[in-house]
Amino acid sequence: MLAVEARGLTKDYDIKKDGQRAHLRAVDNLDLAINKSEIYSLLGPNGAGKTTTTRLLTSILQPSVGGAKILGYDIVEDASTVRSNVGLLTETPALYERLTVRQNLEFIARLYDIPKEDIKPRVEELVDLFDLSDKIDLPSGSLSKGMRQKVAIARAMIHDPPVIFLDEPTASLAPESAKIVREQIMKLSKLEARTFFICTHNLFEAERLSSRVGIINHGKLIAEGSPEQLRDLRKDETMTVFRFSVWDDVIQNFFQERHYEVLEIKPERKSISIFINDIEKETPTIIEELIKQNFPMFEVRHEYPTLERIYLDLVQSENLPRNQEEESS
Ligand SMILES: Nc1ncnc2c1ncn2[C@@H]1O[C@H](COP(=O)(O)OP(=O)(O)O)[C@@H](O)[C@H]1O
Ligand SMILES: [Mg+2]
């Protein structure tokens, strides 16, 4: 059974445009299949539809069209079962600042109807898991932002939910705090067989934390896969750079005679960049021949397109038609 399964999930908001009632399609025909214990990141720019997707999947909002299941439970028909099976860290979580960490967690535990005798051990277990034991009796308002965010994540897990949604868990944090929170998420995902669904606009976060990334833009999923698979989308943009200790124009001939496409020559760097079809097979042959012919080659490297480049290309090429429409209207 899948942890998260969405079929044609769609959400329209009613909005007013030029004084007229209109629809805004925030989530557009989304299909998702996320296995148990996966850490899945939904990556996309602001306004892409990440938060709306999270609200749909946690039964806070109802879809306009399509549907989804969490661990087999329908987000509309079994909404209350869905809610007890999910934990949610919202985009801007607020703690009761004057209450201590313990009091914040106990308060939420009571809201979830956790049996009275289980509350104390559960809170202490969580505080331990989040390395917050020395902060447990401090007012949460006195903690750093990173620590407060950890308390907020612990709070989202108070009822021991198997599927946890984290909406922009580090977006409002300084780099040091973001690092603490990311390390905590990695620790949680290793320790416990839980499914994480993380919304982020931060590519490096998605890459570091998750086994699979879905890229969303204008409510649509435009690419999905492991970071490696996403990189493979642009395998054909890898270039191979050879560097020599002495530059000679015959180097260029060497590659051209062998029908390699020359992408760049930098005589001042004594380097040439070419495109190789089958990198694994052809690179050793080229190296062998260069050495046999006494070319003073001392460096070979493959420059794979970065995930950042692929992400920006995907999102920006998607944005083009819309921007042009807006300009012309
Ligand atoms: N309650 C709402 N009413 C109307 N439009 C909304 C509402 N919430 C979000 N939107 C719009 O829906 C789109 C997706 O928003 P959101 O899901 O918050 O994206 P993200 O979390 O990726 O930034 C945006 O265009 C946003 O302005
Ligand atoms: Mg959002």
Side-chain angles (χ1 to χ4, degrees), residues 4 6 8-32 34 39-68 70 75-76 79 82 86-94 145 149 152-153 156 163-173 178 181-182 185 196-207 209-210 212-224 230 307-308 311-327 329:
V4 179
L9 189 66
T10 300
K11 180 69 187 178
D12 293 329
Y13 288 117
D14 293 322
I15 54 160
K16 278 234 165 88
K17 199 178 176 186
D18 309 324
Q20 303 281 320
R21 287 184 55 188
H23 284 315
L24 183 141
R25 186 148 285 188
V27 173
D28 192 354
N29 204 13
L30 212 62
D31 290 334
L32 294 169
I34 301 169
I39 308 176
Y40 185 94
S41 283
L42 194 62
L43 171 70
N46 285 335
K50 303 180 295 296
T51 296
T52 305
T53 303
T54 304
R55 290 196 178 136
L56 290 166
L57 294 176
T58 52
S59 287
I60 294 171
L61 284 177
Q62 291 217 358
S64 310
V65 188
I70 302 291
I75 55 165
V76 178
V82 166
V86 300
L88 168 63
L89 175 79
T90 57
E91 237 174 327
T92 46
K145 259 189 150 185
Q149 187 72 333
I153 299 174
V163 186
I164 296 162
F165 292 83
L166 304 174
D167 193 358
E168 306 272 8
T170 66
S172 62
L173 304 178
V181 170
R182 267 180 217 130
I185 296 169
F196 282 89
F197 186 100
I198 302 168
C199 295
T200 180
H201 63 262
N202 182 324
L203 169 83
F204 301 100
E205 179 158 297
E207 192 179 5
L209 291 182
S210 46
R212 217 146 54 90
V213 181
I215 299 179
I216 186 173
N217 200 20
H218 301 311
K220 288 198 184 85
L221 206 61
I222 53 173
E224 193 181 51
L230 292 176
L307 202 53
E308 182 182 28
Y311 170 62
L312 291 176
D313 279 359
L314 278 169
V315 169
Q316 281 160 359
S317 65
E318 275 267 314
N319 282 342
L320 272 181
R322 225 175 239 214
N323 292 343
Q324 281 166 355
E325 267 168 35
E326 274 166 16
E327 271 163 31
S329 64

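All heavy atoms count here, side chains included; hydrogens, waters and symmetry mates do not. We count residues from 1, following the sequence as given. For ligands, and for the atoms within them, numbers begin at 1 and follow the listed sequence.
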Where does L24 meet ligand 1, judged by heavy-atom distances below 4.0 Å: at the side chain, the backbone, both, or neither? side chain
Heavy atoms only, cut-off 4.0 Å: how does P45 contact ligand 1, side chain, backbone, both, or neither? backbone
Within the protein, is there a heavy atom lying under 4.0 Å from atom 6 (C) of ligand 1? yes
Protein non-hydrogen atom found under 4.0 Å from atom 27 (O) of ligand 1: no
Separation of [Y] [atom2] from [X] [atom1] (nearest 0.5 Å):
X: S210; Y: L42; atom1: OG; atom2: CG; answer: 10.5 Å
X: K220; Y: T10; atom1: NZ; atom2: OG1; answer: 10.0 Å
X: D167; Y: L89; atom1: CG; atom2: CG; answer: 7.5 Å
X: L166; Y: E91; atom1: CG; atom2: CD; answer: 12.0 Å
X: R21; Y: K16; atom1: CZ; atom2: NZ; answer: 8.0 Å

Residues in side chain to side chain donor-acceptor pair (under 3.5 Å) contact with T200, at least two apart in sequence or another chain: E205
Tell me which protein heavy atom sits closest to [atom], plus the residue, atom name and distance to 0.1 Å.
atom: atom 19 (O) of ligand 1; value: G49 N, 3.1 Å
atom: atom 14 (C) of ligand 1; value: G47 O, 3.4 Å
atom: atom 15 (O) of ligand 1; value: T52 OG1, 3.9 Å
atom: atom 10 (N) of ligand 1; value: Y13 CE1, 3.4 Å

Looking only at N/O atoms, are [X] and ligand 1 under 3.5 Å apart anywhere?
X: R55; result: no
X: I15; result: no
X: T51; result: yes

Candidates E168, R182, E207 - the one meeting side chain to side chain contact (heavy atoms under 4.5 Å, CB included) with N202: R182
Quickly, which of I34, I198, I185 forms a side chain to side chain contact (heavy atoms under 4.5 Å, CB included) with I39? Name it, please. I198
Between the Mg ion (ligand 2) and T54, is there an N, O or S atom separated by less than 2.8 Å? no
Those atoms of ligand 1 less than 4.0 Å from some heavy atom in A26: 12 (O), 13 (C), 14 (C)
Output the list of atoms in ligand 1 that are nearer than 4.0 Å to some heavy atom of N46, sorted by atom number. 23 (O)
Determine the interplanar angle of the F197 and Y40 rings, folded into 0 to 90°, and report it as parallel if under 30°, tilted if 30 to 60°, perpendicular if over 60°. parallel
